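Here the structure comes first, spelled out in structure tokens, and everything after it is commentary.
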Protein chains: 2
Amino acid sequence: MASDSKPTINDVARIAEVSKKTVSRVINKSPLLSEKTRERVEQVIADIGYVPNPQARALALRRNFVIAAIHDNPNAQFLVNVQQGILEGLAGSDFNLMVKPVDRNSPNITDDIRDFLVRQRPYGVVLLPPVSENDEIARLCDDLGCRYVRMGSVRLDEAEHTVSSNDREAVCEAVSYLIEKGHQRIAIIEGPKGFTSPQERRAGFEEALHSAGLKLDEALVRPGSYTFESGVAAGQSLVEMADRPTAIFACNDEMAIGAMIAARRSGLLIPEDLSIVGFDDTPLSSHVWPSLTTVHWPIVDMARTAALKLIAPDDVEANARWLLPSVLIERSSVVPPAAR
Amino acid sequence: MASDSKPTINDVARIAEVSKKTVSRVINKSPLLSEKTRERVEQVIADIGYVPNPQARALALRRNFVIAAIHDNPNAQFLVNVQQGILEGLAGSDFNLMVKPVDRNSPNITDDIRDFLVRQRPYGVVLLPPVSENDEIARLCDDLGCRYVRMGSVRLDEAEHTVSSNDREAVCEAVSYLIEKGHQRIAIIEGPKGFTSPQERRAGFEEALHSAGLKLDEALVRPGSYTFESGVAAGQSLVEMADRPTAIFACNDEMAIGAMIAARRSGLLIPEDLSIVGFDDTPLSSHVWPSLTTVHWPIVDMARTAALKLIAPDDVEANARWLLPSVLIERSSVVPPAAR
DNA sequence: TTGTAGGCGTTATCAC
DNA sequence: GTGATAACGCCTACAA
């Protein structure tokens with residue numbers, strides 16, 4: 001059963017009575033080959049079950065048939081979604097996915113990544129946020145001749161090196177939706193400082209207010225750290241206000257659900273007493289009750305696109321496409337504000 | 001900055017005025033080497049920043065310095081925990097982690113995995129549940145000369161090929177804990193049919209009842225599918241019973257939290273009116289209110305151990321250790337039943 | 001259109 | 001202990 005000694009290119013060449021190089025040409029679909037020879041070689045390949053050895057190719061080509069996901073992200077769902085997307089993009093190809101976690105806070109992060117790239121020589125890397133925002137690392141990839149694509153909430157690089165959502169616009173749309181429903185006192189639970197995505201989401205929030213002629217009430221801004229607990233804390237402090245908001249936009253679903261639970265614990269009805277909108281569209285958002293109106297963040301699509309950019313670098317059209325819009329998903333956590 | 005043309009073993013040999021093979025011996029820590037030669041070579045290696053090329057080694061050794069996680073598991077948190085554990089085990093080594101998802105329901109799953117193993121030639125693979133329960137796949141690894149470790153809730157193979165928790169015992173302990181608190185009417189929300197872990201957990205549940213002299217009330221058994229929603233449904237149907245249980249054991253945390261929410265929606269207080277115990281100890285379990293008493297499933301440790309078994313096959317002690325016990329984590333979702 | 005020679009960077013064999 | 005020499009399996013350059 002087990003192909004103990006696997007056939008090599010030499011076996012194919014010998015049996016098909018051609019040279020190694022001819023077999024190599026067949027494998028690599030070289031155009032300069034007689035149809036007859038190609039057919040004969042392909043027949044032999046099928047007969048003896050020859051499979052090219054990726055290690056040998058990697059050595060000769062000085063490049064591994066591997067795409068690496070470099071990340072420093074604590075969120076399990078995000079990470080798995082990205083992996084799924086990359087794997088979808090890689091499906092049917094000879095490429096495999098390698099996972100390389102790094103420590104954002106380590107001073108050696110650049111050396112660590114350099115070492116990884118030099119040793120493993122991946123064909124390309126997908127940089128996930130927030131590490132994707134580090135220009136030095138992108139430059140490092142470039143210097144080492146490693147293809148890269150950066151994922152983010154804004155365009156971080158040239159189109160061929162970028163896959164991005166439009167968080168700002170999407171949040172603006174979501175908050176405008178709240179305003180259309182009649183909400184005026186809208187709170188925001190922010191994400192962690194120092195990262196781009198929360199900044200963009202906050203910016204979109206303000207944009208929506210401004211274009212509706214509302215002004216930002218700093219009393220309705222709460223810090224958050226993308227965790228459930230921070231959502232609970234922020235939500236609690238908001239609902240305890242004398243003049244509490246009628247709606248909350250949370251910069252991610254986990255915090256939105258935290259806020260939802262805090263509000264309910266304080267005896268409020270969701271959405272009657274308080275409307276809530278999240279961001280991400282995690283599985284949880286459709287599982288909670290009431291189901292959460294949220295912005296769908298197309299992570300899987302983004303990751304798939306990133307993978308395709310890496311392995312099909314000549315696909316001009318794919319390389320030009322860098323924006324995958326986030327869209328609002330209406331569920332049941334938003335209604336017009338109750339008259340009070 | 002970039003080491004454009006990396007130094008090779010030849011460069012080291014030339015500068016150190018030894019043969020390639022001697023350098024190779026230094027790299028591989030061969031014992032038959034004069035101390036003097038070793039030092040000189042190591043000095044040169046450090047001086048010119050030589051890094052062995054993994055692709056060339058892979059070709060010569062016919063084996064890649066890669067550990068693959070083969071999985072068919074929908075649960076993001078589980079998957080990420082396993083990856084984290086494997087990466088911890090691999091830290092400091094030259095190994096990297098590759099992710100290989102497979103489709104449990106595909107008839108080609110064996111061929112798919114065989115193809116992957118033959119092409120990629122990973123040094124070893126970690127088989128995650130439920131695919132780890134497939135004996136045919138384990139045999140396949142063996143046939144192809146690929147080291148493997150199977151993760152599971154029971155011992156699935158010889159010690160060196162197994163890393164397992166003891167779900168049955170752990171659940172028995174957890175349910176006994178409920179009984180000690182005074183609970184007699186204890187419900188169970190089961191996991192999906194056809195998998196080992198839910199079976200084991202159910203068995204542990206029954207064991208606890210029997211050893212306390214209680215008998216299983218089939219009316220208190222609810223099916224579940226490890227999803228939040230199934231927990232909500234099961235929880236709701238349980239709390240609506242005329243003679244409802246005073247405690248629920250759910251086969252995983254997601255369902256436990258679902259049941260918790262269903263109960264609260266029906267106006268019950270947790271834990272005063274209903275105690276709940278889960279299984280897994282996911283991050284969420286300490287985030288909810290009240291925090292969930294649950295069984296800690298040591299996935300990260302299991303995965304780390306699996307990785308170590310693969311890359312240090314001569315470590316007899318490590319290879320003998322295959323059981324990593326699950327332990328009960330007492331939080332605040334369990335109190336004695338209220339008198340009624 | 002096809003073949004030959006040589007290289008990719010490492011390890012294994014077997015002398016010395 | 002150490003070193004030529006030959007694998008490992010594929011690819012590129014150049015020749016035919």
Side-chain angles (χ1 to χ4, degrees), chain A residues 3-42 44-45 48-66 94-95 117-123 145, chain B residues 3-42 44-45 48-66 94-95 118-121 123 145:
Chain A
S3 44
D4 267 58
S5 61
K6 283 179 51 193
T8 74
I9 198 171
N10 292 305
D11 301 323
V12 178
R14 185 168 33 75
I15 298 174
E17 296 176 314
V18 294
S19 74
K20 288 162 63 170
K21 183 57 208 176
T22 301
V23 179
S24 174
R25 288 197 178 95
V26 172
I27 297 169
N28 296 297
K29 305 193 194 304
S30 160
L32 356 76
L33 261 179
S34 76
E35 198 51 41
K36 232 178 85 184
T37 313
R38 157 169 289 126
E39 277 172 14
R40 181 152 45 92
V41 173
E42 280 178 342
V44 173
I45 289 179
I48 67 176
Y50 163 72
V51 184
N53 179 319
Q55 282 74 48
R57 301 184 72 184
L59 180 57
L61 291 171
R62 298 131 152 271
R63 179 150 281 180
N64 226 334
F65 279 54
V66 160
D94 289 341
F95 287 91
L117 296 179
V118 166
R119 300 178 82 102
Q120 199 56 45
R121 292 190 173 280
Y123 188 86
Chain B
S3 44
D4 267 57
S5 62
K6 285 179 49 193
T8 74
I9 198 170
N10 292 306
D11 301 323
V12 179
R14 184 168 32 77
I15 297 173
E17 295 177 313
V18 293
S19 74
K20 289 161 67 168
K21 184 59 204 173
T22 301
V23 179
S24 174
R25 288 194 178 96
V26 173
I27 297 168
N28 295 296
K29 305 192 194 306
S30 160
L32 356 77
L33 260 181
S34 77
E35 198 52 42
K36 231 179 84 185
T37 313
R38 155 169 290 123
E39 277 172 14
R40 181 152 42 92
V41 173
E42 279 177 344
V44 174
I45 289 178
I48 68 176
Y50 163 71
V51 184
N53 178 317
Q55 281 73 47
R57 300 184 71 182
L59 180 59
L61 291 169
R62 296 130 153 266
R63 180 148 281 180
N64 226 335
F65 278 52
V66 159
D94 289 342
F95 287 92
V118 166
R119 299 179 84 102
Q120 199 57 46
R121 291 192 173 279
Y123 189 86

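Convention: sequence-line order gives letters A, B, ...; per-chain numbering from 1. Note that this is a predicted model, so its numbers are computed, not measured.
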Exercise for review: Check whether any side-chain N or O of A/N53 sits under 4.0 Å from OP1 or OP2 of D/dC8, and answer yes or no.
Suggested key: no
Practice item. Taking the side chain as every heavy atom from C-beta outward, state whether B/R57 and B/N64 have any atom pair closer than 4.5 Å. Key: no
Point to revise | Check: A/R62 side chain, C/dG7 base, donor-acceptor under 3.5 Å | key: no
Review point. B/R38 has an atom CZ; how far is it from atom C1' of D/dG1, in whole Å?
Key: 11 Å
Check your understanding: Is any side-chain N or O of B/S19 closer than 4.0 Å to OP1 or OP2 of D/dG3?
Key -> yes
Exercise for review: Choose from D/dG9, C/dT11, D/dC11 the nucleotide whose nearest atom is closest to any side-chain atom of A/L59.
Suggested key: D/dG9
Review point. How close or far is atom P of C/dG9 from atom CG of B/L61, stated in whole angstroms?
Key: 16 Å
Check your understanding: How long is the line joining CD of A/Q55 and P of C/dT11, in whole Å?
Key -> 15 Å
Point to revise | Minimum-distance nucleotide (side-chain atoms of A/R25 versus D/dT2, C/dG3, D/dA6) | key: C/dG3
Check your understanding: Do any side-chain nitrogens or oxygens of A/T37 fall under 4.0 Å of OP1 or OP2 in C/dT2?
Key -> yes
Review point. Below 4.0 angstrom from OP1 or OP2 of C/dG9, is there any side-chain N or O of B/N10?
Key: no
Review point. What about B/K21, does its side chain sit under 3.5 Å from the base of D/dA4 through a donor-acceptor pair?
Key: no
**Study point:** Mutual orientation of the aromatic rings belonging to A/F65 and A/Y123 [parallel < 30°, tilted 30-60°, perpendicular > 60°]
**Key:** tilted
**Study point:** Value in whole Å for how far the C1' atom of C/dG9 lies from CG of A/N64
**Key:** 14 Å
**Study point:** Distance test, side-chain N/O of A/T22 to OP1/OP2 of C/dG3, below 4.0 Å
**Key:** yes
Exercise for review: Mind checking the CD1-OH spacing from A/I15 to A/Y50? Nearest 0.5 Å is all I need.
Suggested key: 12.0 Å
Point to revise | Distance-only donor-acceptor test, A/K20 side-chain atoms vs C/dT4 base atoms, 3.5 Å | key: no
Review point. Which is true for B/V51 with a 4.0 Å heavy-atom rule: it touches a base, it touches only sugar-phosphate, or it touches nothing?
Key: sugar-phosphate
Exercise for review: Under 4.0 Å between any heavy atoms, over every strand shown, what does B/I9 touch: base, sugar-phosphate, or nothing? Just pick one.
Suggested key: base
Exercise for review: Identify whether any heavy atom of B/P54 sits under 4.0 Å from a base atom; if not, whether one sits that close to sugar-phosphate; answer base, sugar-phosphate or nothing.
Suggested key: nothing
**Study point:** Whole angstrom value for the distance that separates C1' of D/dG1 from CD of B/E39
**Key:** 15 Å
Check your understanding: Of all the nucleotides listed (C/dT11, C/dG3, D/dG3), which has the minimum atom distance to the side chain of B/R57?
Key -> C/dT11
Revision key, fill the gap. Output for pair (B/T22 OG1, B/I9 CD1), nearest 0.5 Å, gives 9.5 Å
**Study point:** A/D94 CG to D/dC10 C1', straight-line distance once rounded to whole Å
**Key:** 14 Å
Practice item. Among C/dG3, C/dT10, C/dG7, find the nucleotide with the atom closest to the side chain of B/A56. Key: C/dT10
Practice item. From the options D/dC11, C/dT1, D/dG3, select the nucleotide whose nearest atom is closest to the side chain of A/S34. Key: C/dT1
Point to revise | Sub-4.5 Å side-chain heavy-atom contact between A/K21 and A/R25 | key: yes
